[in-house]
Structures are given as structure tokens and as C-alpha cells.
Number of protein chains: 2
Amino acid sequence: MGGESVLNTTIADLARITGLAKSTISGILNGKTGFSEKTRKKVMQLAQEHGYIPNEIAKGLSSRSTKSIGLIIKDITNPFYNHITKGVQEVAIEHGYTVFLCSSGENQELEIDHIEAMVRKRVDGLVIVPLLEEVSFDHIFDLKRKRMPFVTLGQIPGLSCDTFEFDDYDGGCQVTQHLISKGHERIGFVCGLKTSKASKQRLTGFLDTMKQHGLVPDEALIFKETGSMAEAQEIGRRLAASDDRPTALICFDDVIAIGVIKAFMAAGLNVPNDMSVIGFDDIDTTAFPLSSVSIPTYEAGKAMGTRLFDRIFQRDDSDFRYVKYDLKLVERASVKNLFSP
Amino acid sequence: MGGESVLNTTIADLARITGLAKSTISGILNGKTGFSEKTRKKVMQLAQEHGYIPNEIAKGLSSRSTKSIGLIIKDITNPFYNHITKGVQEVAIEHGYTVFLCSSGENQELEIDHIEAMVRKRVDGLVIVPLLEEVSFDHIFDLKRKRMPFVTLGQIPGLSCDTFEFDDYDGGCQVTQHLISKGHERIGFVCGLKTSKASKQRLTGFLDTMKQHGLVPDEALIFKETGSMAEAQEIGRRLAASDDRPTALICFDDVIAIGVIKAFMAAGLNVPNDMSVIGFDDIDTTAFPLSSVSIPTYEAGKAMGTRLFDRIFQRDDSDFRYVKYDLKLVERASVKNLFSP
DNA sequence: TTGTATGCGTTATCAA
DNA sequence: TTGATAACGCATACAA
């Protein structure tokens with residue numbers, strides 16, 4: 001099963017046809033020097049004529065490099081990961097590499113399966129966005145033991161490897177600070193999934209900043225776990241129906257914020273007049289003036305790819321890199337200034 | 001370069017350790033019958049202990065099946081393709097396959113490069129969303145000649161293969177019909193890229209429907225080519241500044257529609273009061289009540305994946321399948337009814 | 001400048 | 001029930 005496709009011409013074929021040795025063909029095809037111009041021309045032309053396409057599987061077996069890397073993300077449909085993916089992809093292409101895209105769907109078992117599949121496929125390296133909370137990391141440590149080059153988005157406790165991170169704690173502080181500066185004191189917070197470290201850190205930033213200002217958050221306004229826009233809409237509906245709403249709501253990401261806003265619109269309520277909303281990711285496919293924290297996902301994707309290829313090519317095992325990106329609040333019109341009537 | 005990672009234990013290793021032959025180890029590991037329970041146990045346990053992970057590159061060379069497929073899309077960051085990708089991915093995973101994701105960025109050369117890379121990698125099959133207008137198809141015909149299993153989204157002239165399509169012409173008719181029924185007569189149309197057949201067909205649907213109603217579209221309101229949200233915003237700005245705006249604007253996709261709406265908002269104008277807007281794709285990450293044509297991208301992704309695997313496993317060698325999906329207008333609040341004050 | 005031989009990790013075909 | 005041996009397509013060290 002599987003195969004059956006028409007045989008591509010192989011180096012052996014070309015050797016037979018030209019009467020040359022396989023090694024000669026191979027050398028010429030790979031641009032090595034030390035061949036007469038005459039045979040080189042002959043080989044090149046024949047390869048052209050026969051539509052020779054090198055078999056990278058065979059190449060990979062013998063050269064121990066598959067010219068492919070794996071990218072493990074959490075959710076294909078989230079713009080956040082789209083931009084990470086785009087960045088990684090572009091770097092890969094520059095190096096003549098191809099990328100296996102795997103989405104864990106925020107499911108640790110799937111993440112583990114995907115990573116194992118990648119090592120079975122003998123990729124040359126891996127960019128991983130792992131689940132980071134309430135999970136184990138054995139599979140990542142295994143990777144290091146196998147000396148598989150990889151970089152992660154988000155720091156794994158106790159593991160030294162190339163790590164990239166966003167300053168989510170500071171992001172949580174920034175939005176809270178911003179809301180407070182606009183006169184908000186009763187502020188709600190919608191968390192992401194409990195496997196998300198980013199969510200936890202943004203929440204901590206929120207909590208700490210509230211405290212610094214002598215404000216105490218209402219437990220009832222902290223939504224512990226939200227995994228989809230549908231769930232966000234449900235939260236929005238509950239809030240819209242409540243007579244004890246917060247004046248502002250911080251959402252783990254823009255997808256959640258949009259869900260909440262949709263529910264408000266459907267209920268005939270207005271953002272920010274009936275409640276202010278602020279999100280994270282600054283996604284650009286929302287025609288709503290949502291204030292949001294901009295995250296350099298594309299840059300991070302590029303940087304992770306670049307770093308991975310450094311490791312793949314010049315395997316210096318020392319000196320793991322740690323990069324933390326700043327987040328930046330982008331003010332739009334979804335936050336009401338309670339000081340100005 | 002490339003390799004150098006710590007040697008994984010191989011079948012040969014296990015053979016040496018157990019004193020058995022490689023073929024025995026291989027057979028047992030692959031669940032073949034005809035081995036004594038004793039040796040089977042011994043081998044399985046040893047493989048476990050040594051963390052044996054099969055080398056699928058070697059497996060691929062010998063078995064001629066790489067357990068991977070390629071997916072060629074146009075744009076990673078567009079939700080339309082995210083859902084296609086998600087559908088294809090899920091089917092691949094069900095079959096224990098992995099997918100190479102390639103984005104052509106609407107660039108034919110890149111599309112060709114990617115496809116060639118996929119055959120170099122000897123993928124078992126391909127799902128392709130090709131450029132369809134103003135381009136050549138030699139590389140796709142080549143694929144067929146090589147007997148590489150593949151399915152396409154969008155029909156390629158003169159090529160019989162498994163093809164999936166959306167009824168874009170009808171979609172164009174639907175939106176136009178809808179606008180006309182709301183009293184619009186002066187309607188603009190923003191095209192996508194000129195390599196997009198979907199764009200061309202939606203435009204034709206628009207033109208034909210206008211004609212049927214005795215309406216003649218203003219050439220100046222047909223924007224021939226738009227490749228990004230930035231360009232859409234520019235169009236929106238021009239329209240916003242114009243004193244001769246259409247009453248309604250059909251946009252090739254929601255991303256373009258959102259660009260236009262953003263520009264209108266920035267200019268202090270309102271959709272639909274100052275102009276109605278309607279899009280395609282019905283993307284859900286917009287908190288604006290955009291009327292849009294819903295497209296079953298996820299279903300199509302699943303169907304294309306499913307069909308591809310049928311071909312790969314030759315479970316089905318019958319005639320090529322052609323599927324055309326219906327599109328469905330979803331009314332929201334971005335279209336003004338000119339009949340009701 | 002070109003050819004020979006061997007190996008990469010697996011599967012598969014025969015024998016034993 | 002198990003074991004040699006030869007592919008698979010290519011790279012490479014070494015010979016010629």
C-alpha cells in the first residue's frame with residue numbers, strides 16, 4: 001500500500017544510460033568539482049531530459065539530514081499561531097527546508113504523539129509551543145537526551161534549551177494599569193485554558209497590579225477557564241444579563257474578547273459604554289476597535305526559526321539563548337474613560 | 001551539517017543484542033505473525049527498554065511510503081485556509097500521517113517550488129489549492145504523469161483529477177441579488193488577486209445578476225485587484241473620501257471587507273449607514289456584524305483529505321470525483337435596507 | 001577524472 | 001519459527 005507511483009529515474013538509471021558510475025553522477029548532480037566539463041554537461045542534460053528528481057528520502061538516509069523540521073503549535077485556527085507559523089516557514093524556506101505542521105489542539109497526549117512522530121520522521125529540528133501548566137515535560141527532556149535540536153516558545157522548568165518568551169506578566173500589568181488609569185476599579189478577567197502559562201501570568205499581572213492600587217478583584221468576575229469563542233460568548237451572555245457587571249473586562253486573548261463583544265451586541269449592549277473590553281494578540285481581522293496588547297508573534301517565529309537553524313548547522317551545544325519579547329498595549333476604542341463624562 | 005544526533009537504537013542493534021536476525025526483529029516489531037511468543041516478548045521488551053523508535057526515513061525508502069502528505073495553500077494567515085488546513089490535518093492524523101504545510105503566498109513560482117519539494121520528499125499524496133488564473137499548469141500535469149495521488153481545490157482546465165470546488169459564481173449572484181432586494185442599484189465590487197478564479201467567478205455572478213435586473217455597474221466602482229488588507233484599507237479611504245460612493249460594496253473576502261470597514265470607521269463613517277458592505281468566507285474572528293457568504297472550508301478540507309487517502313490506499317480506483325459545495329449567505333447588519341427608512 | 005565498494009535502517013524474499 | 005541476503009536510492013571513502 002502507499003507506493004505504486006511511476007518510478008522516477010534514479011541515479012542508477014542515469015549511470016546505466018551514460019555508462020558512467022553512480023558516484024560520478026551523484027558528484028556532478030551535487031555540484032562537486034573534479035569532473036570534466038564534457039561529462040558534466042552530458043550528465044546535467046540527461047538529468048534534465050529525464051526529469052530526474054532526487055529522492056530526498058534516500059538522501060536523508062545516507063546523509064542523515066532530512067531537510068525538514070517540525071513545528072508544533074496549539075491551534076491552527078488562531079491568528080496568534082498563524083503568524084508564528086508564517087515566521088518559522090519563511091526561515092525554513094530560505095534554507096531550502098520544509099516544515100511539518102502539527103497542532104496539538106491544547107491536548108498534551110496529541111503533543112506527545114506529534115513529537116514522537118517527528119522523531120520517527122527524523123526531522124532535523126523542532127520548534128515547539130508546548131503546553132506549560134499542569135502537564136509533564138518528559139517528552140521534551142527526552143528530546144534533549146536524544147540531542148535533537150529544538151527551540152521552545154515558553155520556558156520549561158528545569159530544562160536549558162533555546163527559549164523564547166513573551167512578557168505576559170508585564171502585559172497583564174499594562175492592561176490593568178491602563179484600565180485603572182481610566183477610572184476602572186471593578187474589573188473582570190477571563191482566563192484561557194489552564195494549560196496556558198501565558199494566561200496564568202497575565203492573570204498574576206492583573207492581580208498584582210490591582211493589589212498595588214489597593215483594589216481587590218471580585219472572585220466572581222474571574223472566569224477560570226475558557227477554551228473557545230463559544231465559551232467566551234456564553235460568558236458574554238451571562239455578563240450581559242447580569243445587573244452586577246464589572247465596568248471593564250480583561251480577556252486572555254482577542255478571540256475571547258470578540259466572543260464577549262458578540263454576545264454583548266446580540267444583547268443590544270454596547271462596548272465600551274456598557275462595559276469596557278480589552279484583549280491580547282492584537283489580531284487584525286476584527287473590524288471592531290478593540291484595545292489589545294500587541295505581541296510580536298511573527299518576529300518570534302522568525303527568531304525561533306533562525307535560532308533553530310543555527311543549532312542544526314553549527315551545532316554549538318553551549319550557550320542556550322533566552323529571549324523575552326516586550327508586549328505593547330494598543331489603545332483603541334473599547335475602553336471607556338470613566339473620568340470624562 | 002545536519003545529522004550528528006545521538007544514534008537511536010536500530011533494528012540491527014536489537015538483533016545484535018538478542019542474537020536474533022534483523023528480519024525477525026523487523027517482523028515482530030511490525031506485528032507480523034509466525035513468531036514464537038517467547039521471542040516476541042523478548043524483542044518487544046528490549047525495544048521498549050532501549051527506547052527504540054523506528055526510522056521512518058529508512059522505512060520509507062524500503063517500503064516506498066513515507067506516511068506523509070503535502071498541503072499547498074495560498075496564505076497561512078487567512079482564516080479561509082486555516083479551516084481547510086484543519087480539516088486536512090485531522091484526516092491525516094486519523095491515518096497516522098503527517099502533513100507538510102506549504103504556503104505559496106499567491107506566487108506561482110513558489111507554488112511550483114513547493115510541489116517539487118514535495119515530490120523530492122516523496123510524499124504519498126498532495127492536497128493542492130493552486131493558482132488558477134493567468135498561470136500555467138504544467139507542474140500539475142507533471143504530477144499526474146508521475147502518478148502522484150493528489151486532489152485540488154478548484155478545477156484545472158483539461159485535467160481530470162479529484163476536484164473540489166465552491167460555487168463562487170452562485171455566491172456572487174446571491175450577494176448581488178440580496179443587495180438589489182434591499183434597494184441597492186449602485187453597487188461596487190472589490191476583486192481579489194487576478195490569479196484567483198474564485199474572485200473572477202464571484203465577479204461574473206455579480207455582473208450577470210446586475211444585468212438580469214437591468215442594472216449597469218459603474219466601471220469606476222470595480223476594483224480590479226486587491227491583495228492585502230492594507231490595499232483594502234486604501235480602497236476604503238478612497239471610497240470614504242469620495243462624494244460619489246456606491247450604496248453597497250461587495251468584497252472578494254471578509255479580510256478585504258474588514259479593511260474597508262476599518263477605513264470607514266477611521267474616517268468617521270458608518271457601515272451600513274454610509275455604505276453597505278458584504279463579504280465572503282464568514283470568518284468568525286470579527287466582532288463586526290458583517291453580512292457574509294459562508295463557505296464550508298472545514299468540510300471541504302476533510303473531504304479532500306478523505307478522498308486523497310482513498311486514492312493513496314487505492315481503496316478506490318474509480319472515476320475521479322468532482323464535488324461542488326453550495327455557498328450560503330449569512331445576513332447580519334452590514335447591509336442597509338434602502339426601502340425602509 | 002572516473003569507478004568500486006560499502007553503508008544508511010528497513011522491508012522482503014527465500015532458504016534453512 | 002528463524003536466518004541470510006538482497007534491495008530501496010543515494011553519498012562517500014578509497015582505488016584506479
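Chain identifiers are assigned alphabetically (A, B, ...) following the order of the sequence lines, protein sequences preceding nucleic acid strands; residue numbering begins at 1 within each chain.
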Parallel, tilted or perpendicular: ring planes of B:Tyr97 versus B:Phe309, cut at 30 and 60 degrees:
perpendicular

Rounded distance (Å) that lies between atom C1' of C:dC8 and atom CD1 of A:Ile57:
13 Å

Please state how far atom CG in B:Leu20 lies from atom P in C:dA16, giving the value in whole angstrom units.
20 Å

Atom NZ of A:Lys121 and atom P of C:dC8 are separated, to the nearest Å, by 23 Å

Separation of D:dT2 C1' from B:Lys38 NZ (nearest whole Å)
12 Å

From the candidates D:dG3, D:dC8, C:dT10, the one with an atom nearest any side-chain atom of B:Ala21 is D:dG3

Could you go over nucleotides 11-14 of chain C and give all protein N or O partners under 3.5 Å, atom names and distances?
residue, atom, partner, partner atom, Å
C:dT11, OP1, B:Asn30, ND2, 2.8
C:dT11, OP2, B:Ser26, OG, 2.5
C:dT11, OP2, B:Asn30, ND2, 3.3
C:dT11, O4', B:Ser62, OG, 2.4
C:dA12, OP2, B:Lys32, NZ, 3.0

For the residue pair B:Thr297 / B:Lys86, report whether a side-chain donor-acceptor contact shorter than 3.5 Å exists.
no

Are B:Thr66 and B:Ser68 close enough that a side-chain donor and a side-chain acceptor fall under 3.5 Å?
yes

Nucleotide D:dC10, atom P - distance to CG of A:Asn55 in whole Å:
5 Å

State whether B:Ser36 places a side-chain N or O below 4.0 Å from either non-bridging phosphate oxygen (OP1 or OP2) of D:dT2.
yes

Less than 6.0 Å separating the ring centroids of B:Phe137 and B:Phe141?
no

Would A:Ser65 and A:Asp124 count as having a side-chain donor-acceptor pair, cut-off 3.5 Å?
yes

Check whether any side-chain N or O of A:Arg64 sits under 4.0 Å from OP1 or OP2 of C:dG9, and answer yes or no.
yes

Once you round it to whole Å, what is the distance between P of D:dG9 and CD1 of A:Ile25?
15 Å

Hey, could you give me the CG/CZ distance between A:Asn55 and B:Arg64, rounded to the nearest 0.5 Å?
8.0 Å

Under 3.5 Å, is there a donor-acceptor pair between the B:Thr98 and A:Lys121 side chains?
yes

Interatomic distance where CG belongs to A:Leu14 and P belongs to C:dG3 [whole Å]:
13 Å

From CD1 of B:Ile53 over to P of C:dT10, roughly how many Å is that when rounded to an integer?
11 Å

